[in-house]
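Everything numeric here is computed off the predicted structure, so don't read it as measured data.
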Amino acid sequence: MANAGGVAFRWVLQLHRDVPRAARFYSEGLDFSVSVCTLRWAELQSGPLKLALMHSPSDITMQKGYSSMLSFTVADMNRTVTKLMSLGAELDGPIKYEIHGKVAALRCLDGHMLGLYEPA
């Protein structure tokens, strides 16, 4: 449904070399629901966030930088990090223990970045 200006956010799009593997990563690692998953396209949702995954041809080089970052609040940082790492993510630095809670950055499939936050 569009807002008063006639514009509504649709989804965030990520390019991946292996769409089914990326869909499994988000589904099993961060509890996204998967509504569509093919070899070339997937649509996932977590609350109001819709995430689209599209196949990237092998001749497109994936940028391994901080061009996009999805951030999630989690109930258990250690459990979530362990689960994501078992699915192929890598910590980008240590888990930080701040006054307001724990924070972590992970590089997931194809170089996309995830931020995790566990409130104190």
Side-chain angles (χ1 to χ4, degrees):
M1 176 175 290
N3 65 21
V7 177
F9 178 79
R10 187 162 174 204
W11 34 249
V12 173
L13 173 71
Q14 288 185 340
L15 299 176
H16 285 276
R17 288 184 279 264
D18 185 338
V19 170
R21 181 175 178 233
R24 181 175 162 253
F25 177 86
Y26 285 106
S27 173
E28 293 180 13
L30 292 165
D31 299 325
F32 273 70
S33 60
V34 179
S35 57
V36 174
C37 185
T38 70
L39 292 175
R40 301 193 49 75
W41 180 262
E43 294 177 10
L44 298 88
Q45 187 158 352
S46 176
L49 174 68
K50 292 184 180 181
L51 179 62
L53 311 175
M54 188 170 75
H55 180 258
S56 172
S58 59
D59 60 334
I60 293 178
T61 303
M62 302 303 289
Q63 182 179 356
K64 300 239 182 220
Y66 289 89
S67 60
S68 69
M69 183 173 199
L70 301 178
S71 182
F72 299 91
T73 299
V74 299
D76 184 334
M77 177 69 72
N78 294 334
R79 184 180 69 78
T80 304
V81 167
T82 300
K83 188 176 2 174
L84 292 172
M85 289 180 72
S86 75
L87 293 165
E90 297 177 6
L91 271 171
D92 190 35
I95 296 172
K96 294 183 176 141
Y97 298 85
E98 307 288 344
I99 284 280
H100 54 83
K102 299 176 190 175
V103 293
L106 292 101
R107 188 172 304 281
C108 67
L109 307 176
D110 295 316
H112 295 288
M113 294 301 297
L114 297 178
L116 302 180
Y117 170 67
E118 179 189 322

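A 4.5 Å side-chain heavy-atom check between D110 and L15 finds every atom pair outside the cut-off. Between L84 and C108, every side-chain heavy-atom pair lies at or beyond the 4.5 Å cut-off. Annotation: side chain of L109 is not in contact with side chain of D18 (no heavy-atom distance under 4.5 Å). Two residues are said to be in side-chain contact when any heavy atoms from C-beta on lie closer than 4.5 Å; M85 and L91 meet this criterion.
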TODO: Could you walk me through whether R79 and V74 pass the side-chain contact (heavy atoms from CB on, under 4.5 Å) test, one step at a time?
DONE: CA-CA 9 Å; R79 184 180 69 78; V74 299; over 6 Å; no
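Residues Y97 and V103 are members of separate hydrophobic clusters, defined by side-chain heavy-atom contacts under 4.5 angstrom among Ile, Leu, Val, Met, Phe, Trp and Tyr.
No more than 12 heavy atoms of other residues, nucleotides or ligands sit less than 6.0 Å from atom CD of E90. A 6.0 Å sphere centred on NZ of K83 holds more than 12 heavy atoms belonging to other residues, nucleotides or ligands.
Across all non-hydrogen atoms, the minimal contact from Y117 to H100 is OH-O, 3.0 Å. Closest approach of M113 and A105 over heavy atoms only: CE-CB, 4.1 Å.
For the atom pair S35 OG and L44 CG, the distance stands at 6.5 Å (nearest 0.5 Å). Note that NE2 of H55 is 11.5 Å distant from NE2 of H16, once rounded to the nearest 0.5 Å. Here the CD atom belonging to E118 is positioned 7.0 Å from the CG atom belonging to N78, to the nearest 0.5 angstrom. Once rounded to the nearest 0.5 Å, the distance linking NE2 of H112 with CZ of R107 reads 10.5 Å. Here CG of L116 is found 8.5 Å from CD1 of I95. Values are rounded to the nearest 0.5 Å.
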Side chains of residues 19-33: which donor-acceptor partners sit under 3.5 Å, not counting sequence neighbours?
from: R24; atom 1: NE; to: E28; atom 2: OE1; distance (Å): 3.3
from: R24; atom 1: NE; to: E28; atom 2: OE2; distance (Å): 3.2
from: Y26; atom 1: OH; to: Q14; atom 2: OE1; distance (Å): 2.9
from: Y26; atom 1: OH; to: Q14; atom 2: NE2; distance (Å): 3.2
from: S33; atom 1: OG; to: Q45; atom 2: O; distance (Å): 3.2

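In this structure, the side chain of S46 does not engage the main chain of L49 through any donor-acceptor pair within 3.5 Å.
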